[in-house]
**Q** 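Structure incoming, see below.
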Amino acid sequence: VQLQASGGGLVQAGGSLRLSCAASERTFSGYGVGWFRQAPGKEREFVGSVGSIWNSGMTYYGDSVKGRFTISRDNAKNTVFLQMNSLKPEDTAVYYCAVSTSGLGPYAQYDYWGQGTQVTVSS
């Protein structure tokens with residue numbers, strides 16, 4: 001599975017961005033997809049995930065983004081979205097999407113990763 005993340009950019013605090021994760025795999029709907037981020041000097045952080053059609057697209061979110069970020073998917077377009085609202089400077093990071101081959105949420109097994117897209121939130 002090849003993944004292409006896009007949609008990053010520079011935004012002011014309080015603003016919004018929508019990231020996309022497009023997959024090459026036509027059976028994409030059968031996989032869960034997670035979003036992660038990594039800021040300079042920090043460990044990779046789980047942002048959220050959306051399940052496959054087999055678990056009704058169940059979503060999970062990290063505590064730091066709950067209520068601000070929303071994950072959705074369009075299986076017809078093999079794409080998962082990360083809508084980010086009320087952005088804060090601490091949301092600045094490279095955001096990655098990844099496909100899970102088993103499990104749900106932050107502890108799923110993510111075997112395929114996209115290249116990342118930079119999100120910068122200015123204060």
Side-chain angles (χ1 to χ4, degrees):
V1 180
Q2 293 184 332
L3 302 173
Q4 179 74 38
S6 62
L10 174 63
V11 63
Q12 288 188 333
S16 298
L17 279 176
R18 188 175 80 156
L19 305 185
S20 299
C21 177
S24 61
E25 178 60 50
R26 60 186 178 88
T27 60
F28 183 61
S29 60
Y31 294 99
V33 178
W35 284 97
F36 295 80
R37 66 187 183 186
Q38 189 163 22
K42 295 188 176 181
E43 293 186 354
R44 187 173 64 198
E45 177 186 9
F46 173 78
V47 174
S49 65
V50 60
S52 71
I53 57 172
W54 311 117
N55 41 57
S56 303
M58 186 178 299
T59 55
Y60 292 84
Y61 296 97
D63 289 341
S64 62
V65 305
K66 281 181 181 176
R68 299 188 298 124
F69 291 11
T70 303
I71 296 175
S72 61
R73 66 188 302 162
D74 184 340
N75 291 323
K77 296 182 178 179
N78 291 344
T79 303
V80 169
F81 303 99
L82 176 65
Q83 178 67 44
M84 306 185 294
N85 298 328
S86 302
L87 283 162
K88 305 175 182 179
E90 51 263 44
D91 294 318
T92 295
V94 177
Y95 284 69
Y96 300 89
C97 59
V99 165
S100 68
T101 54
S102 66
L104 295 171
Y107 305 110
Q109 182 172 335
Y110 292 97
D111 289 329
Y112 303 96
W113 292 78
Q115 85 290 358
T117 185
Q118 176 70 46
V119 171
T120 302
V121 184
S122 62
S123 57

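Keep in mind that the numbers below use all heavy atoms, side chains included, and drop hydrogens, waters and symmetry copies. Computed from a predicted structure; not experimentally measured.
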**Q** Backbone N or O of Met58 within a donor-acceptor pair of the Ser56 side chain at under 3.5 Å?
**A** no
**Q** Among Asp91, Thr117, Thr92, which residue satisfies the side-chain hydrogen bond (donor to acceptor under 3.5 Å, both in side chains) criterion with Arg37?
**A**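 Going through Asp91, Thr117, Thr92 one by one, the side-chain hydrogen bond (donor to acceptor under 3.5 Å, both in side chains) with Arg37 is satisfied by Asp91 alone.
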**Q** Applying side-chain contact (heavy atoms from CB on, under 4.5 Å), name anything that partners Val119, two or more places apart in sequence or on another chain.
**A** Leu17, Leu19, Met84, Tyr95, Val121
**Q** Is it true that Val33 and Tyr112 fall in one hydrophobic cluster, defined by side-chain heavy atoms closer than 4.5 Å?
**A** yes
**Q** Quick one: which of Val65, Val50, Val47 gives a side-chain contact (heavy atoms from CB on, under 4.5 Å) with Ile71?
**A**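 Result: among Val65, Val50, Val47, Val50 is the only option passing the side-chain contact (heavy atoms from CB on, under 4.5 Å) with Ile71.
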**Q** Can you name the residues that form a side-chain contact (heavy atoms from CB on, under 4.5 Å) with Ser16, not counting sequence neighbours?
**A** Gln83, Asn85
**Q** As an exercise, state the distance from CZ of Arg68 to OG of Ser86, rounded to the nearest 0.5 Å.
**A** 7.0 Å
**Q** Might you point out which heavy atoms bring Cys21 and Trp35 nearest each other, and give the distance in Å?
**A** CB-CZ2, 3.6 Å
**Q** Ignoring hydrogens and angles, tell me if any N or O in the side chain of Ser52 forms a donor-acceptor pair with the backbone of Tyr31 under 3.5 Å.
**A**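 Not at all, since once roles are kept as given, no pair shorter than 3.5 Å links the two residues.
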**Q** For Phe69 and Leu87, what are the C-alpha separation, side-chain angles and deciding distance, and is it a side chain to side chain contact (heavy atoms under 4.5 Å, CB included)?
**A** CA-CA 9 Å; Phe69 291 11; Leu87 283 162; 3.8 Å; yes
**Q** Using the test side-chain hydrogen bond (donor to acceptor under 3.5 Å, both in side chains), find all partners of Thr120 that sit at least two apart in sequence or belong to another chain.
**A** Gln118
**Q** Between Ser49 and Tyr110, which heavy-atom pair has the shortest distance, and what is it?
**A** CB-OH, 3.5 Å
**Q** If every non-hydrogen atom of Ala93 is compared with every non-hydrogen atom of Ala39, which pair is closest and at what distance?
**A** CB-N, 3.8 Å
**Q** Do Leu82 and Val94 belong together in a cluster built from hydrophobic side chains that touch within less than 4.5 Å?
**A** no
**Q** Under the rule for side-chain contact (heavy atoms from CB on, under 4.5 Å), what residues qualify as partners of Ser72, not counting sequence neighbours?
**A**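 With neighbours one apart ignored, the set is Phe81.
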**Q** Apply the test side chain to side chain contact (heavy atoms under 4.5 Å, CB included) to residues Ser102 and Gln109: give CA-CA distance (whole Å), side-chain angles for both, the deciding distance (0.1 Å), then the verdict.
**A** CA-CA 5 Å; Ser102 66; Gln109 182 172 335; 3.5 Å; yes
**Q** With sequence neighbours left out, what residues match Arg44 under salt bridge (charged side-chain N to carboxylate O under 4.0 Å, His left out)?
**A**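 Partners of Arg44 under the salt bridge (charged side-chain N to carboxylate O under 4.0 Å, His left out) test: none.
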**Q** Tell me the disulfide bond (SG atoms under 2.5 Å apart) pairs involving residues 25-79, sequence neighbours left out?
**A** none
**Q** Evaluate the ring planes of Trp113 and Phe36, with Trp represented by its six-membered ring, and classify them as parallel (under 30°), tilted (30 to 60°) or perpendicular (over 60°).
**A** tilted
**Q** Partners of Lys66 by salt bridge (charged side-chain N to carboxylate O under 4.0 Å, His left out), sequence neighbours excluded?
**A** Asp63
**Q** What residues, two or more places apart in sequence or in another chain, satisfy salt bridge (charged side-chain N to carboxylate O under 4.0 Å, His left out) together with Arg73?
**A**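 Expected list: none.
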**Q** Checking Asn78 now: which residues fulfil side-chain hydrogen bond (donor to acceptor under 3.5 Å, both in side chains) with it, not counting sequence neighbours?
**A** none
**Q** Who pairs with Gln2 by side-chain contact (heavy atoms from CB on, under 4.5 Å), at least two apart in sequence or on another chain?
**A**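 Counting only residues at least two positions away or on another chain, Gln2 forms a side-chain contact (heavy atoms from CB on, under 4.5 Å) with Ser24.
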**Q** Going by salt bridge (charged side-chain N to carboxylate O under 4.0 Å, His left out), name the residues that satisfy it together with Glu90, two or more places apart in sequence or in a different chain.
**A**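 For Glu90, no residue satisfies salt bridge (charged side-chain N to carboxylate O under 4.0 Å, His left out) once neighbours in sequence are set aside.
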**Q** Which atoms form the tightest heavy-atom contact between Ser20 and Thr79, and what is the distance?
**A** CB-CG2, 4.1 Å
**Q** Just to verify, what does Thr101 make a side-chain hydrogen bond (donor to acceptor under 3.5 Å, both in side chains) with, not counting sequence neighbours?
**A** Asp111
**Q** For Leu3 versus Ala23, what's the shortest heavy-atom pair and its separation?
**A**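 It is CD2-CB, 3.7 Å.
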**Q** Report yes if the side chains of Phe46 and Tyr107 come closer than 4.5 Å at any heavy-atom pair, otherwise no.
**A** no
